[in-house]
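Chain identifiers are assigned alphabetically (A, B, ...) following the order of the sequence lines, protein sequences preceding nucleic acid strands; residue numbering begins at 1 within each chain.
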Amino acid sequence: MKLSNYLIATLKEAPSDAETKSHQLMVRAGMIRKIAAGVYNFLPTGLRVFRKVENIIRDEMNKAGAIEVMMPFVTPADLWEKSGRWDIYGKELLRFKDRADRDFCLGPTHEEVVTDMVDREVKSYKNLPITIYQIQPKFRDEIRPRFGVMRAREFTMKDAYSFDVNELEAEKSYIKMFNAYKRIFERCGLTFKAVEADSGNIGGSFSHEFMVLAETGEDLVLSCNTCEFAANVETTGIKDVSIARNDKDFEPLAEVSTPKMTSVEEVSSFMNVSSEDIVKTLFLESDEELIAVLVRGDHELSLTKLKKFLGSDFLDLADNKVLKENNIVKGFCGPIGVNFKIYSDNSIKDLTNFITGANKDDYHCQGVNYDRDFLVESFGDFREAFDGDSCPIEGCTGSLESTRGIEVGHVFKLGTKYSESMNAKFTNQDGKEKNYYMGCYGIGVGRVVAAAVEQNNDENGIKFPTALAPFQVVIIPTEKTKGPALSKAEEIYDYLTNSSFEVALDDRQESPGVKFKDSELIGIPFQIRIGPKSLAKGVVELKNRLTGDILEFDQNDYDGIREKLNELF
RNA sequence: CGGGGUGUGGCGCAGUUGGUAGCGCACCUGUUUUGGGAACAGGGGGUCGGAGGUUCGAGCCCUCUCACCCCGACCA
């Protein structure tokens, strides 16, 4: 590629809305441009990197036996109604009507479409197992898109779906994909970790996330300092270490005036008690009913865990309106006298004589004890784990450490969730119809690019791993006018191009400094520099972006340059 | 959705009590430069997010609206 005929859209300054390194650098390097919140153009160099990632993914998917298809971006509501997700998915699903007033949405994921497709085409166990994948745009109307293409509303995802005859076979498919994912992220040159995860809106029984470790990651990963355990905070279990409570020490229940003390911190300092002696009461709306949940004052409720425990599709904090309708006094909530089911975190089991809200303005209760003062519907693990918690693995005495991660891939065991709801079946060996056992596997392509930038940069710009760089090598003649350096550069350019390298020739009418800076900002791993200075010595120079090393070659030693590059790629 | 903030040339920004809109970078032309974002001279480019209003006069004041960003959306 001759850069005089190319689009190098580099900027000296990043737009003020770019917060993370990767966002700033991708804009400055001229890879992406925003055209609406969470919606981006990929400019030529950005697309080249994107394609590199895409091709690595495609290659590994094909090697793992997955078959590529393409499903539509626009999907009809009836498929979503069939699976039941039309009502569950909420505002993230961008819905619209066509001219005939029929409901559609932009696909945020494709379980429905692919299940329908496979169900139509596959009739027999003889056609199984089968894993279908596509690399295609998705749209999720995120509450808050941010960090450039890291969390965009429109984004490209590789999504694969496996169909098997039974659970055991499905597990094999899962492992195949899991291993393919490891190879993909290794080839992309990323430092990552596979962790246990919650399966969220997609549903299913079991899942792993692939996390690229980075400061700016949006997820919190907890890993054991002793064993192999690692999981997303959302799903990290807490060992139930509660002991039997001594019933004899019950104090009388009493109300205490706590004017305007609505937070745990305020109440604990006002009453001079530790936050562990306070129990927070939260009211939540689930699918059908309002429930109350108790967690210790120093703990955080995990909506994810509670949702899983209750088996409900919808669970959220009750909003102010609902609270008012039920005469719940915000800031002074307590479990005493409420007629909703009360769920309580395991850590409460231990507690005697704790403090809660009194359900009336400016009062808390002290000397509160469950069973005596209120009844708990069920105890369970409902709080979020944090740094320093003990490892949830049986027999392990290690403790958890947290790191931040960018979720670049996610693999799920779905089981028969979708094949049942959509009545998708094949005929088994015994002539009976059976639901498919499914798995689903996603990778955010743009997010992999952003994660690579986030993990690989310095003060000069992006240091792309060689497998992802937009060009493998750029040839920089350091004289502007046509002369011996340019003709030498063109010769080497032709030679390396014919040797199947991805070469850029920076023949723009720019000063050398500009070319060096651009090349380093964009993240091209090697520069070949040719100028009056080097030619006077009869050499050309090869500079390594990653190490800063400069090698000299005889100006006619094209083979030597080629061999060196071959070594490095 | 709640709170806060910002919209002025492609990017980054300034614009005073209301009086004909400016700077740096980028861009174009010319000359000189040519190994780390060159110098000089000249030049082009703006419905000041949009609509309405107040005023002799609005980038600036008022009303509405749109977009974008940040924080929160779990502590009750």
Considering every strand shown, what is the Watson-Crick or G-U wobble mate of [N] when both distances are under 3.5 Å?
| N | value |
| --- | --- |
| B:rG18 | none |
| B:rU55 | none |
| B:rG7 | B:rC66 |
| B:rG2 | B:rC71 |
| B:rA26 | none |
| B:rG45 | none |

Which whole-number value in Å describes the distance from [X] [atom1] to [N] [atom2]?
| X | N | atom1 | atom2 | value |
| --- | --- | --- | --- | --- |
| A:Glu13 | B:rA14 | CD | P | 12 Å |
| A:Lys91 | B:rC1 | NZ | P | 6 Å |
| A:Glu142 | B:rC69 | CD | C1' | 16 Å |
| A:Asp507 | B:rU34 | CG | C1' | 16 Å |
| A:Arg153 | B:rC68 | CZ | C1' | 11 Å |
| A:Arg146 | B:rG72 | CZ | P | 7 Å |
| A:Ile143 | B:rG2 | CD1 | C1' | 12 Å |
| A:Asp298 | B:rC74 | CG | P | 19 Å |

Nearest-Å distance once atom [atom1] is located in both [N] and [M]:
| N | M | atom1 | result |
| --- | --- | --- | --- |
| B:rG46 | B:rU65 | P | 30 Å |
| B:rG7 | B:rC62 | P | 15 Å |
| B:rU29 | B:rA67 | C1' | 37 Å |
| B:rC66 | B:rG22 | C1' | 27 Å |
| B:rC28 | B:rU17 | P | 39 Å |
| B:rG30 | B:rU16 | C1' | 39 Å |
| B:rA73 | B:rU55 | P | 47 Å |
| B:rG37 | B:rG18 | P | 45 Å |

Donor/acceptor link under 3.5 angstrom from A:Arg28 side chain onto base of B:rG37: yes

Would you say the base of B:rG37 and the side-chain of A:Glu510 have a donor-acceptor pair closer than 3.5 Å? no

If you round to the nearest 0.5 Å, how far is CE of A:Met271 from CD1 of A:Ile278? 7.5 Å

What does [X] touch in the nucleic acid at a heavy-atom separation under 4.0 angstrom: a base, only the sugar-phosphate, or nothing?
| X | result |
| --- | --- |
| A:Glu19 | sugar-phosphate |
| A:Leu303 | nothing |
| A:Arg33 | nothing |
| A:Gly531 | base |

Side chains of A:Gln366 and A:Glu251: any donor to acceptor distance under 3.5 Å? no

Does one side chain, of A:Lys21 or A:Asn456, offer a donor that lies under 3.5 Å from an acceptor on the other? no

Using the ring pair (Phe, Tyr, Trp, His ring centres under 6.0 Å) definition, which of the options A:Phe354, A:Phe332, A:Phe270 pairs with A:His364? A:Phe332

Side chain to side chain contact (heavy atoms under 4.5 Å, CB included), that's the test. Do A:Cys105 and A:Tyr89 meet it? Break it down for me. CA-CA 11 Å; A:Cys105 64; A:Tyr89 220 109; over 6 Å; no

State yes or no: are the ring centers of A:Phe139 and A:Phe73 separated by less than 6.0 Å? no

Between A:Tyr6 and A:Phe471, is the ring centroid distance below 6.0 Å? yes

Are A:Asn457 and A:Lys463 close enough, and set up right, to give a side chain to side chain contact (heavy atoms under 4.5 Å, CB included), and what steps lead you there? CA-CA 5 Å; A:Asn457 64 75; A:Lys463 289 163 68 172; 5.8 Å; no

Is [X] close enough to [N] that one of its side-chain N or O atoms is under 4.0 Å from OP1 or OP2 there?
| X | N | result |
| --- | --- | --- |
| A:Arg383 | B:rC74 | no |
| A:Lys12 | B:rA26 | yes |
| A:Ser16 | B:rC11 | no |
| A:Ser511 | B:rA38 | yes |

Counting heavy atoms from C-beta on, name the nucleotide in B:rG12, B:rG37, B:rA76 closest to the side chain of A:Pro15. B:rG12

Closest of B:rA76, B:rG37, B:rC70 to the A:Arg144 side chain is B:rC70

Which residue, A:Thr281 or A:Pro512, contacts RNA chain B at a nucleotide closer to its 5' end, judged by nearest heavy atom? A:Pro512

Name the residue closer to the 5' end of RNA chain B, choosing between A:Val264 and A:Ala37 according to the nucleotide with the nearest heavy atom. A:Ala37

